[in-house]
Amino acid sequence: MLTHEVLVIGGGLAGLMAALAASEEAEVAVLSKLWPTRSHSGAAQGGFNSALGEDDSVEAHIFDTVKGGDYLGDQDAIEVLCSEGPEVIMELERMGVPWTRTEDGRVAQRSLGGAGFPRACFAADFSGHVVLHTLYEQVFRRGVKIYPEWHLLKLLVEDGRVAGVLAYDLARASLEVMRAKVVILATGGYGRVFSKTTNAHANTGDGMAIAYRAGAVLSDMEFVQFHPTTLYGTNILISEAARGEGGYLRNASGERFMKRYAPQKMELAPRDVVSRAIFKEIKEGRGVAGKYVHLDMTHLGEALINERLPQVRDLAVCYAGVDPVHSPVPIEPAQHYSMGGVRTDSWGVTSLPGLLAAGEVANVSVHGANRLGGNSLLETVVFGRRSGRKAAALARGEVAWPALSPATVKESQEDFLALFGSGGSAQAAAADDILQIRRELTALMTNQVGIFRTGDELSDAVAQIRQLQARYRELKPAFKKCPFNYALTEYLEVGYLLDLSEVIAIGALRRTESRGAHYRLDYPQRDDRHWLCHTFVKKGADGPVFSLHPVTITRHAPQERGY
Ligand SMILES: Cc1cc2nc3c(=O)[nH]c(=O)nc-3n(C[C@H](O)[C@H](O)[C@H](O)COP(=O)(O)OP(=O)(O)OC[C@H]3O[C@@H](n4cnc5c(N)ncnc54)[C@H](O)[C@@H]3O)c2cc1C
């Protein structure tokens, strides 16, 4: 059996930052279903928010984040996020991150939506990529053991405490048991619950679903972010940086329609506001060809686009056949970010002893009902570092290894193998059905649990998800012991998507108000009297069990949110 004092699951920004911090004082390993540098963090373009500018302040960053999240974020956690920002940006710089510079040599910052100041530190539009590679080098230098292309299957819980994991090594097709004093989940988001998403194929919410199954509390799962500008058809992200650098949104008649929705902030209003505006323009017949709107960067000039937005230009040319230097780019909104996740405190501690969580898998909660651009990358490094430090302290404080009985190990292995049948012709049929279930589920979530929601559509979605879950349980694909068995991982991932879809849809149905990214056409107002609270959900014997918990408000009382 493999043993590590601290076991980090996930090799994205949150996981690598946690591993680095933990490795200062404890022995650490990282287990990741992707090679770490292929994590979705590497796709992030826009930047990391941090109040470095002379006119900017941590206080202003806190306020923008609280307001951007429609007052649902916990203000004590937001204070941590914003006040540790400047220091962590400098720490990354010392590790070797080549931030883009101003003429006089300081770290350059750009405007992203909902921010009062240019606040996002960036490296052209490859911000996530460069930081991910820098952290990977550092983790490598420290000699942290990495298990690449190993999948977390289950958290092993003994006497109510996480004592290790059951994992699957894709290349060797083997089940492995790993013991740990502390496990840190950093498995990212669940964007693939939706058919229209900017997220990588691997973002199937595995860690969130596995923690939920093991008894951890998830929170605010009904809050799903839709990004305003993704390429029409493929939903490849066109970073908010494009609007931050001055891009306009125009409808079929060339009008900058944001003046009707957010007259002050215009294109740089928060994402929930801009996504709804675009969706409405298209729905009400003002879209180009009735299908999309235009992101117009033609007035920015080739030099600026090449310097600040080279990836945006490449993506538009390669995937939409449009060069933004000369023509507007067709765009539509799509799912982008999961605000909800495994509930943690500001040190990453979850409701399940022995388990910490950081990054998009976690809900601290700093984003409340709507995340601001640039705050998620900051969250990964700030809370990744804190959870790493906390894990090392916990691991060092534990004299003995937590108990892990042979019976618990055996049961987990048997439960896993019981998912499968004997194969043969049933296997081929099963593979088809898995794909079919996934297609139906993700289309349902996009159509009925998307940007605009209604009670009727949500109840119908919940009923349909339950039918899909029943169909899924009937499937018995074969457990073929062959290397790189992606049919197996696809099957498991659809199971995670189904569990999470159920809690997202029921959470959205229960919340009879509109707040941030959650918009109910039948309850269009924010309702602080009943709903200024977090939704907690735990797995019960007959499905999810929901409860409400107060929001921590320290300095900013809720106000009306205008832009
Ligand atoms: C296209 C795009 C652009 C973005 N741009 C920005 C931006 O400019 N600014 C900003 O603030 N935010 C941005 N975001 C959001 C931000 O990038 C993410 O929220 C953040 O990078 C998530 O980091 P993470 O470490 O939590 O997860 P990820 O980077 O997604 O990493 C998850 C890790 O978990 C591992 N994993 C998953 N499941 C398993 C399993 N079962 N077993 C083992 N390992 C597993 C994966 O291998 C991976 O290494 C963007 C997101 C997207 C999709």
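In listed order, ligands and their atoms are each counted from 1. In what follows, every heavy atom counts, from backbone to side chain, and hydrogens, waters and symmetry copies are set aside. This structure is a prediction, so every number in the text was calculated from the model and none was measured.
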How close does the nearest protein non-hydrogen atom get to [atom], and which residue and atom is it?
atom	value
atom 4 (C) of ligand 1	Ala44 CA, 3.4 Å
atom 53 (C) of ligand 1	His40 NE2, 1.6 Å
atom 46 (C) of ligand 1	Ser32 OG, 3.8 Å
atom 9 (N) of ligand 1	Gly47 O, 3.1 Å
atom 31 (O) of ligand 1	Gly12 CA, 3.6 Å
atom 18 (C) of ligand 1	Glu360 OE1, 3.3 Å
atom 3 (C) of ligand 1	Leu237 CD2, 3.2 Å
atom 25 (O) of ligand 1	Ala14 N, 3.0 Å

Between Thr65 and Asn375, do the side chains contain an N or O donor and an N or O acceptor separated by less than 3.5 Å?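 Note: Thr65 and Asn375 side chains meet the donor-acceptor criterion.
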
Is there a donor-acceptor contact under 3.5 Å linking the side chains of Thr204 and Arg192?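 Thr204 vs Arg192: no donor-acceptor pair found between side chains.
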
Is the backbone N or O of Gly11 less than 3.5 Å from a side-chain atom of Ser39, with the two atoms forming a donor-acceptor pair by type?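 Pair found, side chain donor or acceptor close to backbone of Gly11.
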
Just checking Phe420 against Phe416, ring centres under 6.0 Å apart?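 Yes - the distance between ring centres of Phe420 and Phe416 falls below the 6.0 Å cut-off.
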
Would Phe226 and Phe279 count as a close aromatic pair, with their ring centres under 6.0 Å?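 Not close enough - the centres of the two rings lie 6.0 Å or further apart.
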
What is the distance from atom CG of Asp220 to atom NE2 of His534, rounded to the nearest 0.5 Å?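 The distance works out to 5.5 Å.
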
Between [X] and ligand 1, find which residue part has any heavy-atom pair under 4.0 Å and reply side chain, backbone, both or neither.
X	value
Thr380	side chain
Ile9	side chain
Gln45	backbone
Ala186	backbone
Thr187	both
Leu377	both

[X] N/O to ligand 1 N/O under 3.5 Å:
X	result
Gly207	no
His151	no
Thr198	no
Asp206	yes
Gly11	yes
Leu34	yes
Gly46	yes

May I ask whether [X] places a heavy atom under 4.0 Å from ligand 1?
X	answer
Trp150	yes
Arg371	yes
Pro36	no
Gly128	no
Arg38	no

Would the number of heavy atoms belonging to other residues, nucleotides or ligands and lying under 6.0 Å from CZ of Phe63 be above 12?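 Yes - once you tally the heavy atoms of other residues, nucleotides and ligands closer than 6.0 Å, there are more than 12.
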
More than 12 non-hydrogen atoms from neighbouring residues, nucleotides or ligands closer than 6.0 Å to CZ on Phe484, yes or no?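 More than 12 heavy atoms, drawn from other residues, nucleotides or ligands, come within 6.0 Å of this atom.
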
For ligand 1, which atoms sit closer than 4.0 Å to a heavy atom of [X]?
X	value
Gly359	26 (O)
Gly10	33 (C), 34 (O), 35 (C), 49 (O)
Tyr337	19 (O)
Leu31	43 (C), 44 (N)
Gly374	9 (N), 10 (C), 11 (O)
Ser39	29 (O), 31 (O), 48 (C), 49 (O)
Asn199	53 (C)

Measure from NZ or CZ of Lys390 to the centre of the six-membered ring of Phe383, then state whether that distance is under 6.0 Å and the direction lies within 45° of the axis.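 Negative - Lys390 is either too far from the ring of Phe383 or too far off its axis.
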
Could you tell me how the ring of Tyr292 sits relative to the ring of Tyr232: parallel (under 30°), tilted (30 to 60°) or perpendicular (over 60°)?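 Because their plane-to-plane angle lies in the 30° to 60° range, the rings of Tyr292 and Tyr232 count as tilted.
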
Aromatic plane relationship, Tyr147 with Trp150 - under 30° parallel, 30 to 60° tilted, over 60° perpendicular: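 Taking Tyr147 first and then Trp150, their aromatic rings sit tilted (interplane angle of 30° to 60°).
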
If we check ring-ring contact (aromatic ring centres under 6.0 Å, His included) with Tyr337, which of these qualifies: His227, His40, His367?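 Of all the options given, the one that passes is His367.
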
Close side-chain approach of [X] to [Y], heavy-atom, < 4.5 Å:
X	Y	answer
Val183	Val165	yes
Asp272	Gln225	no
Val80	Arg386	yes
Val274	Pro270	no
Val30	Lys145	no

Are Glu87 and Arg385 close enough for a salt bridge, meaning some N to O gap below 4.0 Å?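 Salt bridge between Glu87 and Arg385, a charged N being under 4.0 Å from a carboxylate O: yes.
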
Please report the C-alpha distance between Glu91 and Val381 in whole Å, then the side-chain angles of each, then the deciding distance to 0.1 Å, and finally whether the side-chain contact (heavy atoms from CB on, under 4.5 Å) criterion is met. CA-CA 10 Å; Glu91 185 182 345; Val381 288; over 6 Å; no

